[in-house]
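Please read the structure below before turning to the comments.
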2 protein chains.
Amino acid sequence: MEELSVAIGVSRPTLSRFFQDPTLVKANTVERIERGLTQVEYVPNFFATRLNRKSTGMIGVIIPYLNDLFFTKLLQSVEEAAMRAGLTVITQCSHSDPAIEARAAETFMSMNVDGALVAPLGDHSDQAVQLRLKSRLPFVLMDSRPTTMPNVDFVGTNHIQSTGLMTEYLCRVGEPPAFLAMPRVNFNALEREAAYIAQMEKLGFEPEVLGTESVSDSAHFEEHGEAILDAEFAHGRLTDRSILCVNDRVAIGAIRAAARHGLTPGRGAKGGLRIAGHDDYPLCPYLNPALTTVAQNTDAIGKKAVSRLLQMIRGEVSGDTPEITLFDGELKLRESA
Amino acid sequence: MEELSVAIGVSRPTLSRFFQDPTLVKANTVERIERGLTQVEYVPNFFATRLNRKSTGMIGVIIPYLNDLFFTKLLQSVEEAAMRAGLTVITQCSHSDPAIEARAAETFMSMNVDGALVAPLGDHSDQAVQLRLKSRLPFVLMDSRPTTMPNVDFVGTNHIQSTGLMTEYLCRVGEPPAFLAMPRVNFNALEREAAYIAQMEKLGFEPEVLGTESVSDSAHFEEHGEAILDAEFAHGRLTDRSILCVNDRVAIGAIRAAARHGLTPGRGAKGGLRIAGHDDYPLCPYLNPALTTVAQNTDAIGKKAVSRLLQMIRGEVSGDTPEITLFDGELKLRESA
DNA sequence: CCACAATATTTACGCGTGTAAAAGGGAGGA
DNA sequence: TCCTCCCTTTTACACGCGTAAATATTGTGG
């Protein structure tokens with residue numbers, strides 16, 4: 001930058017100001033600088049520019065999984081909103097490992113990011129690290145909220161509403177549903193299960209939760225759903241029931257199990273097999289049968305999380321009262337229920 | 001760091017060395033420092049540490065899409081390999097926009113990353129930017145290789161082999177396949193199409209490519225596959241043929257179209273409908289019917305790309321002879337073909 | 001106990017830029 | 001014409017740390 005400035009015939013600080021905002025420099029000088037820039041290819045050093053700046057213009061985002069289209073959708077929404085606000089997004093995936101998540105948080109702190117957006121590992125995030133992150137910089141939780149961190153800004157889905165909605169629908173058009181859960185609990189899964197139970201009781205039905213014990217090596221959602229229902233169907237159970245799965249990936253496994261037993265879940269006469277999911281995974285419309293589910297408004301969640309973070313960064317918030325934003329789920333009626 | 005060092009009673013450079021590698025400091029001193037660190041919470045500044053270092057210990061990765069499990073699988077493999085090598089990964093998604101991709105490349109250059117791993121936008125990457133990136137730092141292309149950039153290190157799949165394998169299989173067990181392509185060409189798609197045609201001719205069959213014209217608003221792979229086959233099936237065409245789809249996401253749409261027309265693709269007597277894909281998308285085993293496909297060895301691709309980049313970073317390569325590594329595809333026989 | 005080597009620490013400087021304060025320059029009014 | 005005011009540019013210093021060279025310390029053998 002030094003050399004470039006002498007070559008152009010201005011002082012280095014003037015060049016510096018030009019790169020930050022050309023309007024800070026006289027039009028005449030701007031023109032000279034731009035002419036000089038066409039001669040040499042110059043890229044300002046990223047680290048040097050952020051070293052002595054009050055704001056780095058970056059936000060950190062942590063997501064728990066990469067191989068899950070729900071989180072990639074959320075991430076896309078976040079990146080778009082951040083880009084619109086002129087922020088650089090640094091994404092880190094914790095790969096379902098609390099240690100990696102913690103390291104990502106450390107990285108963000110050492111980078112002086114302006115704020116952090118975190119979708120935590122459901123059940124076993126290192127909360128000490130997150131609290132330290134929160135105490136140091138604007139911090140918004142997305143998707144899943146540990147019950148032990150009530151005083152944190154959060155953006156997610158209203159699972160009471162979304163699961164209640166689906167439960168009510170299933171009760172209305174068919175047999176009262178059973179709930180297919182996951183053993184590796186996360187807070188969302190627990191909320192959905194609780195919401196299911198509450199809604200069932202409110203409607204006067206007996207709740208029935210299955211899949212809470214781990215079968216075989218069901219590290220993956222789909223495998224788990226398939227394994228549980230395969231066992232049930234093999235004993236002739238649940239073949240004429242409604243089954244509400246804790247999420248779409250479990251439902252995908254459930255549908256697969258049904259197919260293997262010659263069952264075709266679907267909207268039909270009362271007393272038929274129905275399978276429903278939760279989240280509106282992008283591939284749901286292409287399944288056989290197309291999966292009936294509740295859509296999470298990932299787009300709204302991402303946008304809101306970024307805008308809330310921006311408020312905090314700009315100091316436009318009172319500070320002591322965290323904001324909890326829950327978006328409603330939307331019923332997606334397709335073929336499977 | 002200054003304050004901390006006086007508080008502990010060592011000079012700042014000693015502290016600096018401690019953070020880089022504690023073995024560079026005497027055991028006695030290490031202990032004193034660690035004792036001091038428990039008192040204060042101190043995180044070294046990310047930017048300052050990289051500003052005057054020869055190596056930043058970071059590599060940049062660009063992927064074209066986030067909402068595609070193929071790329072997230074690849075990214076996961078890359079991240080794992082990089083982590084094992086002690087590298088920090090900076091991921092940027094180009095969101096199928098050449099301008100964003102170009103900006104990501106600029107960011108990497110300004111960050112002085114040690115190297116860059118790029119999965120380009122198939123057909124319309126800004127090659128000038130990529131060439132500039134390549135001329136500035138170790139650079140390895142992944143997944144898709146522009147025909148106009150022959151002299152670049154590349155790691156990907158041998159589509160001649162993989163597509164040839166599947167084509168041969170389909171010819172052997174059923175009707176010679178038609179090829180369901182995509183209008184928004186990328187280089188891999190073109191290679192696969194060419195490989196299909198070559199293999200068909202070698203086996204003495206007439207190649208037949210469809211789906212090269214865009215129907216409706218088929219921005220998405222699945223939609224496209226469904227739309228094309230929906231139209232064909234509606235006219236009673238292709239209902240007893242084998243159909244090789246350019247990738248699994250198109251195949252997912254194809255299977256959906258078959259279901260809508262009451263057709264069940266599968267391995268059966270000669271003369272039945274068969275649908276096959278390419279890539280081994282993670283959800284393939286859970287489709288109805290489970291999708292027969294060719295697996296790309298994403299794990300090997302990611303690992304190899306990182307190790308090759310490391311070689312280049314360490315200067316262990318001759319430099320003038322780029323290495324092209326192609327991994328074979330593996331047939332995944334399931335139900336649909 | 002001393003000389004010498006080997007290791008540990010410190011001194012001194014630099015990395016590439018941002019920013020506040022000081023200096024410069026040009027337009028408008030008296 | 002001169003002076004003031006405002007905008008632009010420059011001067012001077014800072015950001016937080018890495019690193020080579022210089023110095024201090026420790027360990028070893030005689």
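The chains referred to below are lettered A, B, ... by the order of the sequence lines, with proteins before strands, and numbering in each begins at 1. Quantities reported herein were computed from a predicted structural model and do not represent experimental measurements.
- Looking at B:Val89 and B:Met83, their side chains never come closer than 4.5 Å, going by heavy atoms from C-beta outward.
- In this structure, B:Lys54 reaches the D:dT19 phosphate: one of its side-chain N or O atoms is under 4.0 Å from OP1 or OP2.
- Comparing D:dT10, D:dC13, D:dC17 by their closest approach to the side chain of A:Arg12 singles out D:dC13.
- Among the nucleotides D:dT9, D:dC17, D:dT11, the one closest to any side-chain atom of B:Pro44 is D:dC17.
- Put simply, NZ on B:Lys304 and CZ on B:Phe154 are 13.0 Å apart, with the number rounded to the nearest 0.5 Å.
- A:Arg50 has its CZ atom 18 Å from the C1' atom of D:dC17, to the nearest Å.
- Considering NZ of A:Lys73 and CG of B:Asn67, their distance stands at 9.5 Å, rounded to 0.5 Å.
- One finds a side-chain N or O of B:Tyr42 lying less than 4.0 angstrom from the OP1 or OP2 phosphate oxygen of D:dC17.
- At the phosphate of D:dG18, neither OP1 nor OP2 sits under 4.0 Å from any side-chain N or O atom of B:Thr49.
- Ranked by how close their nearest DNA chain D nucleotide is to the 5' end, A:Leu51 and A:Ser11 are led by A:Ser11.
- Map B:Ala27 and A:Met1 each onto its nearest nucleotide of DNA chain C; the residue landing nearer the 5' end is B:Ala27.
- A distance of 13.5 Å separates CZ of A:Arg136 from CG of A:Leu131, quoted to the nearest 0.5 Å.
- Straight-line distance from the CD atom of B:Glu2 to the P atom of D:dC17: 10 Å, rounded to whole Å.
- Atom CG of A:Asn112 and atom C1' of D:dC17 are 13 Å apart (whole Å).
- The CG-C1' distance, from B:Asp21 to D:dG18, rounds to 14 Å in whole Å.
- A 6.0 Å sphere centred on CD of B:Glu316 holds more than 12 heavy atoms belonging to other residues, nucleotides or ligands.
- We find that CD of B:Gln20 is positioned 10 Å from P of D:dA20, with the value rounded to whole Å.
- Rounded to whole Å, atom P of D:dT19 lies 15 Å from atom CZ of B:Phe19.
- Summarising the geometry, the separation between CG on A:Asn52 and P on D:dC17 is reported as 13 Å, rounded to the nearest angstrom.
- Between the CG atom of B:Asn28 and the P atom of D:dG27 there is a distance of 10 Å, given to the nearest Å.
- Chain A approaches DNA chain C within less than 4.0 angstrom (heavy atoms of the protein), and the contacting nucleotides run 5' to 3' from C:dG16 to C:dT19.
- Across B:Val10, B:Leu15, B:Ile8, a single residue satisfies side chain to side chain contact (heavy atoms under 4.5 Å, CB included) together with B:Thr29, and that is B:Val10.
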### Task
Would you please test A:Val317 and A:Glu323 for side chain to side chain contact (heavy atoms under 4.5 Å, CB included) and show each step?
CA-CA 10 Å; A:Val317 297; A:Glu323 185 182 56; over 6 Å; no

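- Residue-to-nucleotide proximity on DNA chain D shows that, of B:Arg53 and A:Arg32, the 5′-proximal contact is made by A:Arg32.
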